[in-house]
Amino acid sequence: MASASTQSPSTRAGARPSDALPAETLLKWLRDMQLIREFETRTMQAYQQAKIGGFCHIYSGQEASAVGTIRSLNPDDPIVLAYRDHGHALARGMSARACMAEMFGKAAGCAKGKGGSMHMFDKPHWLFGGHGIVGAQTPLGAGLAFAARYEWEVMGTGAKKVSVCYLGDGAIDQGAFHEALNLASLFGLPVIYVIENNGYSMGTAIHRHTANSKNLVSRGQSYAIKSVEIDGFDVRNVYDQFKPLVDECRDLQRPAFVDLKTYRYMGHSMSDPQKYRTKDEVDGWKEKDSIAALASHLMGSESDGGRACLSEDDWKAMRAEIAEEVRDSIEFAESAADPDVEAELYSDVYINPLPQSSPIADYPHGAKNPLL
Amino acid sequence: MTTITAPVPSGGRRVEHPALPGGFAVPDFDRPLPSREGERIIQFREALREAMSEEMRRDERVFLLGEEVAEYNGAYKVSQGMLEEFGAKRIIDSPISENGFAGLGIAAAMYGLRPIIEFMSWSFSLVAADQLLNNAAKMLYMSGGQWGCPIVFRGNDGAGGQLGSTHSWCVEGLFANVPGTKIAIPSNPYDGKGLLKTAILDPDPVFFLESERMLGDKAHVPEEEYYIPFGKARLVREGDACTLISFGRPVNFCVEACEQLAAKGIECDLLDMRTIRPLDMDSVITSLKKTNRIVVVDQSWPFASIASEVVTQVVEKGFDWLDQAPIRVNTDDVPTPYAKNLEAEYLPNPAKIVAAVTRAMA
Ligand SMILES: Cc1ncc(C[n+]2csc(CCOP(=O)(O)OP(=O)(O)O)c2C)c(N)n1
Ligand SMILES: [Mg+2]
């Protein structure tokens with residue numbers, strides 16, 4: 001249903017799918033992205049205060065990628081990704097509390113504190129995990145699509161689904177990725193491989209780590225997979241290009257490959273001095289910031305192609321509300337209980353723990369996961 | 001490849017072998033090792049860097065390949081400055097393609113070069129397991145002695161700080177099962193340097209296991225060149241109450257435990273195995289004959305572990321000298337948890353070692 005705000009000049013000029021969406025939807029995207037930004041800012045602080053340990057990878061800058069793609073999916077389309085996973089978890093609907101508590105290593109975390117920053121798993125939201133070994137999730141993306149297609153085609157019980165497997169530009173150098181692409185094409189699997197191409201594999205710029213780096217779509221094309229490049233820094237653009245691709249993959253039950261160009265503002269992980277890039281480069285990207293761009297679009301007048309659905313005060317209020325939500329998640333995580341050593345160290349190793357499986361102890365059942 | 005005669009360090013000798021044109025160098029292991037005491041205090045990572053750099057200066061065939069080793073100066077700064085000295089043809093950044101670059105190194109070794117392959121973490125070597133365990137370990141055997149594989153794979157092993165289930169691997173338990181592997185696992189900078197230099201000269205594939213937790217550890221490392229032989233445990237402390245066996249980082253926990261026990265008048269023999277293939281069971285049995293008690297401390301899982309191997313061989317070779325059943329201190333038999341309190345409980349520590357020795361003495 002076209003609302004008044006969709007009659008903007010840009011709509012008339014060419015049908016952008018996102019222009020047909022109600023203003024509330026775009027406002028929700030703005031909220032989603034700002035939540036991730038704020039969450040990551042507080043995550044860094046908590047890490048610096050040693051409340052969070054291990055490896056911790058910050059998503060700031062890349063928000064439009066997670067939000068634009070996830071909002072193109074159905075809530076029960078399965079997704080799987082790498083270790084830079086807080087943003088996707090939040091965009092998928094995980095509470096800030098469960099996500100933060102996981103990083104604080106608390107029992108109320110999404111994996112009961114057993115996984116940590118790199119392993120955001122959320123069954124109710126069809127999030128099949130953040131994965132720490134580069135490339136490890138790529139065959140899983142194919143497997144999720146295989147199972148969903150099997151359910152629909154062989155068992156006749158499910159609807160047509162699409163799975164999305166996110167990976168970094170560095171991960172396309174792993175063998176598992178190429179095996180997965182071949183399987184996806186050969187078996188006709190509805191999986192979309194989204195390369196969140198932020199230009200770096202740790203400290204190695206893309207042209208130094210992968211061949212033919214300006215033409216990543218050739219990777220998908222060589223397996224006869226539909227492959228597109230998407231400017232991933234503009235969330236409306238992500239949706240505009242990704243949503244039709246999702247529809248097509250769902251309909252035809254076929255794979256796709258996306259080179260989604262994005263940029264991370266922070267270091268690779270919390271311990272990266274970033275000598276491999278200049279401040280100017282980072283600032284250049286920040287000028288195009290996806291959150292600021294969407295906010296200004298929503299504030300802009302309709303005659304200028306904007307949506308005129310957000311005032312400065314609304315935006316301020318939204319940010320304050322989000323800041324409060326994230327502050328609450330920190331407080332929650334801080335005061336939450338540690339996992340109980342007795343109950344949790346030896347639980348979740350087996351579903352059906354059999355006696356004499358270990359020379360040390362017997363495996364019990366632990367507490368129920370707080371997300372279930 | 002044009003045959004390059006293996007350069008030999010002073011006092012060493014060259015040994016010919018049909019699988020290795022140019023032979024291989026064997027250092028003078030009879031020469032006594034220089035003193036561990038002194039003023040030249042450097043970090044573990046620097047000791048490793050010195051070992052590689054010294055061998056690279058001597059032997060042009062040696063090169064270093066791995067993720068972030070060159071321009072980033074090493075993810076953990078082990079190779080800092082090496083790009084500057086040796087250039088981009090010998091200090092080579094690789095994509096995240098462990099299976100690919102491990103295999104590349106193996107073939108380069110067969111051809112006649114002497115690769116050092118860095119895994120940012122041994123946890124990431126698992127995607128290269130086929131290359132490591134089939135190609136590197138078995139090449140000499142399955143080629144009937146035609147091609148050897150003189151290569152060093154090195155990187156961080158063992159739990160770091162809260163790295164969780166996939167990044168905390170101790171691969172020694174897994175990999176030591178495979179014949180054809182040599183595995184070194186130093187516990188301190190002095191041994192780190194001496195063992196790595198030996199690893200680079202060794203004509204067989206060596207898996208060299210470092211610990212991210214120890215790279216900043218400091219100790220005296222002598223200026224003069226030295227090589228530590230494989231298969232010779234170091235007696236770190238002497239006592240007749242109990243034999244403590246360990247390797248790698250937990251040796252340091254054992255030292256702490258020994259100090260606590262000594263305060264109670266209990267003096268232990270502490271053996272730092274230094275390599276686990278070869279495994280110096282002779283030294284273990286010699287000590288056992290004195291103490292009649294044995295505790296093995298191993299930071300990998302207990303089931304089918306190095307500790308299991310030590311205990312098995314103790315029972316096979318030293319049964320008559322045992323007054324007590326051998327005791328193992330391993331990590332808990334679960335995937336590595338992330339939460340700080342769970343991880344702390346999971347790892348071996350001095351308190352667990354003291355408790356084990358106390359039990360062995362009961
Ligand atoms: C198999 C493996 N090798 C190395 C690593 C260490 N590592 C973690 S992330 C990373 C860089 C990955 O870059 P990219 O895929 O572009 O993702 P980004 O971090 O940019 O999101 C590396 C080398 C790992 N986790 N797994
Ligand atoms: Mg990247």
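The structure presented is a predicted model; accordingly, all values stated were derived computationally and were not measured. Letters A, B, ... are given to chains in the order of the sequence lines, protein chains preceding strands, and every chain is numbered from 1.
At a 4.5 Å heavy-atom cutoff, the contact between A:Phe55 and chain B is made by backbone and side-chain atoms alike. When heavy atoms are compared at a cutoff of 4.5 Å, A:Lys114 approaches chain B by way of both its backbone and its side chain. For A:Ile360, the part sitting under 4.5 Å from any heavy atom of chain B is the side chain, from C-beta outward, and nothing else. Within the 4.5 angstrom heavy-atom criterion, no atom of A:Ile172 approaches chain B. When heavy atoms are compared at a cutoff of 4.5 Å, A:Ser347 does not approach chain B at all. In this structure, no portion of B:Asn99 lies under 4.5 Å from any heavy atom of chain A. Only the side chain of B:Tyr76 comes within less than 4.5 Å of a heavy atom of chain A; its backbone N, CA, C and O stay farther away. The contact between B:Glu98 and chain A is made by backbone and side chain atoms together, counting heavy-atom distances below 4.5 Å. There is no contact between A:Thr210 and chain B, counting heavy-atom distances below 4.5 Å. A:Val341 touches chain B through backbone and side chain together, each having a heavy atom under 4.5 Å away. Heavy atoms of A:His268 lying under 4.5 Å from chain B are absent altogether.
Side-chain atoms of A:Ser117 and A:His86 include a donor-acceptor pair closer than 3.5 Å. For the residue pair A:Asp348/A:His365, the side-chain donor-acceptor check at 3.5 Å is not satisfied.
In this structure, B:His167 and B:Phe124 have perpendicular ring planes: the angle between them is above 60°, well past the 30° mark.
B:Trp122 contributes no side-chain N or O that, together with a main-chain N or O of B:Asn156, makes up a donor-acceptor pair within less than 3.5 Å.
B:Asp332 has a carboxylate O that lies under 4.0 Å from a charged side-chain N of B:Lys352, or vice versa, which qualifies the two as a salt bridge.
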